[in-house]
Structure formats: C-alpha cells, structure tokens
Trainee: 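A single structure is presented below for examination.
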Amino acid sequence: MSKIPVLEIFGPTIQGEGMVIGKKTMFVRTAGCDYSCSWCDSAFTWDGSAKDEIVQMTAEDIWNRLKEIGGDLFNHVTISGGNPALLKNLNELINLLKQNEIEVALETQGSRWQDWFTQIDDLTISPKPPSSNMSTDFAILDRIIHNLTDHNRLEQTSLKVVIFDEADYQYAKGIGERYPQIPLYLQVGNRDVHGEDIDNLTSTLLNQYEQLIDRVVQDDELNNVRVLPQLHTLVWGNKRGV
Ligand SMILES: C[S@@+](CC[C@H](N)C(=O)[O-])C[C@H]1O[C@@H](n2cnc3c(N)ncnc32)[C@H](O)[C@@H]1O
Ligand SMILES: Nc1nc2[nH]cc(C(=O)O)c2c(=O)[nH]1
Ligand code: SF4
Ligand SMILES: [Mg+2]
C-alpha cells in the first residue's frame, strides 16, 4: 500500500462545522495545501512549522491508529487538512474505512478533483472568499460540481463559505447564485487563530455570529442559507486535536 502524509489523527470528538455539525467523528488531518489562506486556522499543515510531525502512513496504519485511540466509539471519520484532495491515493483509506462500515466525510476547498470524491458520504467544499487572499478558479469549481452532479452525489455535498467582511458576504452570495442546487453554509470567521483567552474568543465569535445572523435574516436573496459558528472553537478555543 502507498503512503499518505498525516499530521494528526484525533477523536472521538464532534464535527464542529457545516453539514454534519454535532456528529460524533474521528479526524484524520493530512499535510500539505495548494492554498495559503491569510487566516488559515490549520496553517501548520502547510507552513513548515510542523514538518517534523508529518508521518507517512499506509491506509492500514491510519485505520489501526483510529481503532487504537477511538476503539468502538465511532462510526464516522472526517478527513481534513491541508487539502486532502491533493492525494490521489486517499482512495485506499476511503475504501478501507467503507469496508469497516465507517462513514467518511471530507473537507476541501474545491481547487482539485479526485475520482474518489464520489465515495464520500459528507463532502464539504469550501471555496475561499476575498479575505483569504486566494482566488477561486471557477473553471475547476464548476467542473467539480458538474462531476458530482453527473455521479448523482449532490445529496452528499455542501458548500461552506467563511465570512470575515462584506466582500466575503458578497462572494458567498455569488456562490449561492452560481450553485443554487447545493446547500450553502455561511461560517463565522475566526480572526484570532492563535489567541489563548477562550472567554474573550467565545464572546467575540458569538458577537460576530449574531451580526452575521442579523444580516442574513434581512436578506431576501439568502433565504435558503444556513448560518453557523465553528462549534469546536466555541467549546475548546484554538486548541489543536479537538
Ligand atoms: C482548515 S480547512 C482544511 C480543509 C480545506 N483546506 C479547506 O479549506 O476547506 C477546514 C475548514 O476550516 C475553515 N477555516 C480555516 N480557517 C478558518 C478561520 N480562521 N475561521 C473560520 N474557518 C476557518 C476552512 O475554510 C475550511 O472550511
Ligand atoms: N471538532 C472539529 N471540527 C472540525 N470541522 C472541521 C475541522 C477542520 O479543521 O477541518 C474541524 C476540527 O479541527 N475540529
Ligand atoms: S485551503 Fe484550507 S488548509 Fe489550505 S490554507 Fe486555506 S483554510 Fe488552510
Ligand atoms: Mg479546523
């Protein structure tokens, strides 16, 4: 079996974001990203600061580690990163999880397609708004959505846009208009990804959440959107591995 670069395996915890928020899950976080978002809360996956922690693991190694720390306490695994969609061989892990009757979720930004996307039970595509300083290649994103549509995977798919400012909000609206057939989640952006004062962070994030709700409820062009905070950040702050 081939090797997958892994930075973290943790859980059981809850999925703190998006389409399956609250679901008990394990996490596998792969190393490496083709983006470098200005506000990335997982920059250690790509900025070199954790390069000594990267472990090259086979799918079987990863499964063994999941069982070692999660035991019988899970039936769902979320793969995140970095961008796990950089890894063609991730199908080996997905197949092994499925053989063991584990549901699989994936977090990616929509910059790359992999054929194994069609095997994912909860696929979150999170295109990046202007505040990230990244620019969306809509030719690629359109093709990803088109492929998922062709494979009848829209029920397993959602879009999630992180919102920091007005330009991000307008970008999210554009995403909603371009792909009206896909559930759209707006997620509160965390400006302070290194802060250690959790009470301060929680109250700031809840204020931002309230402001985003106020905006959306008054907007007749966003009647179908879902607005969420990052639950894990409200509970545990910026702690890693939760
Ligand atoms: C760390 S990323 C990894 C997966 C993939 N690279 C992506 O961006 O979708 C997981 C999710 O966290 C979100 N995220 C990253 N930094 C954030 C921040 N500072 N505040 C809120 N959400 C953030 C991303 O937008 C993405 O939806
Ligand atoms: N609990 C929890 N939920 C999450 N949802 C998405 C995460 C991520 O970093 O991709 C994440 C994470 O790191 N922890
Ligand atoms: S795409 Fe995801 S992992 Fe990559 S820099 Fe942006 S938020 Fe971070
Ligand atoms: Mg995270």
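The residues of the chain are indexed from 1 along the displayed sequence. Counting starts at 1 for both ligands and their atoms, following the listed order. Computed from a predicted structure; not experimentally measured.
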Trainee: Report all protein residues having a heavy-atom distance below 4.0 Å to some atom of ligand 1; order the list by chain, then number.
Mentor: Glu17, Trp39, Cys40, Asp41, Ser42, Ser80, Gly81, Gly82, Glu107, Thr108, Gln109, Ser126, Lys128, Lys160, Val162, Phe164, Gln187, Val188, Gly189, Asn190, Val193, Gln230

Trainee: Between Asp115 and Lys88, is there a salt bridge with N-O shorter than 4.0 Å?
Mentor: no

Trainee: Is a side-chain donor-acceptor pair under 3.5 Å present for His76 with Gln15?
Mentor: no

Trainee: Does anything in residues 205-217 pair up under side chain to side chain donor-acceptor pair (under 3.5 Å), and if so which pairs, sequence neighbours excluded?
Mentor: Glu166-Arg215

Trainee: Distance check, rounded to the nearest 0.5 Å: Tyr179 atom OH versus Thr149 atom OG1?
Mentor: 10.0 Å

Trainee: Taking only residues at least two apart or on different chains, which pairs with a member in residues 91-100 satisfy salt bridge (Lys or Arg N to Asp or Glu O under 4.0 Å)?
Mentor: Lys98-Asp121

Trainee: Could you check whether Arg153 makes a cation-pi contact with Phe117, meaning its NZ or CZ is under 6.0 Å from the centre of the six-membered ring and within 45° of the ring axis?
Mentor: no

Trainee: Tell me whether Glu8 is salt-bridged to Arg65, with the criterion being a basic N under 4.0 Å from an acidic carboxylate O.
Mentor: no

Trainee: Report the distance from atom CD of Gln114 to atom CD1 of Ile144, rounding to the nearest 0.5 Å.
Mentor: 9.5 Å

Trainee: Taking non-hydrogen atoms within less than 4.0 Å of ligand 2, which protein residues qualify?
Mentor: Phe10, Ile14, Gln15, Gly16, Glu17, Phe27, Arg29, Ser80, Glu107, His232, Val242

Trainee: Check Glu107 with Lys160, please: is the shortest side-chain N to carboxylate O separation under 4.0 Å?
Mentor: yes

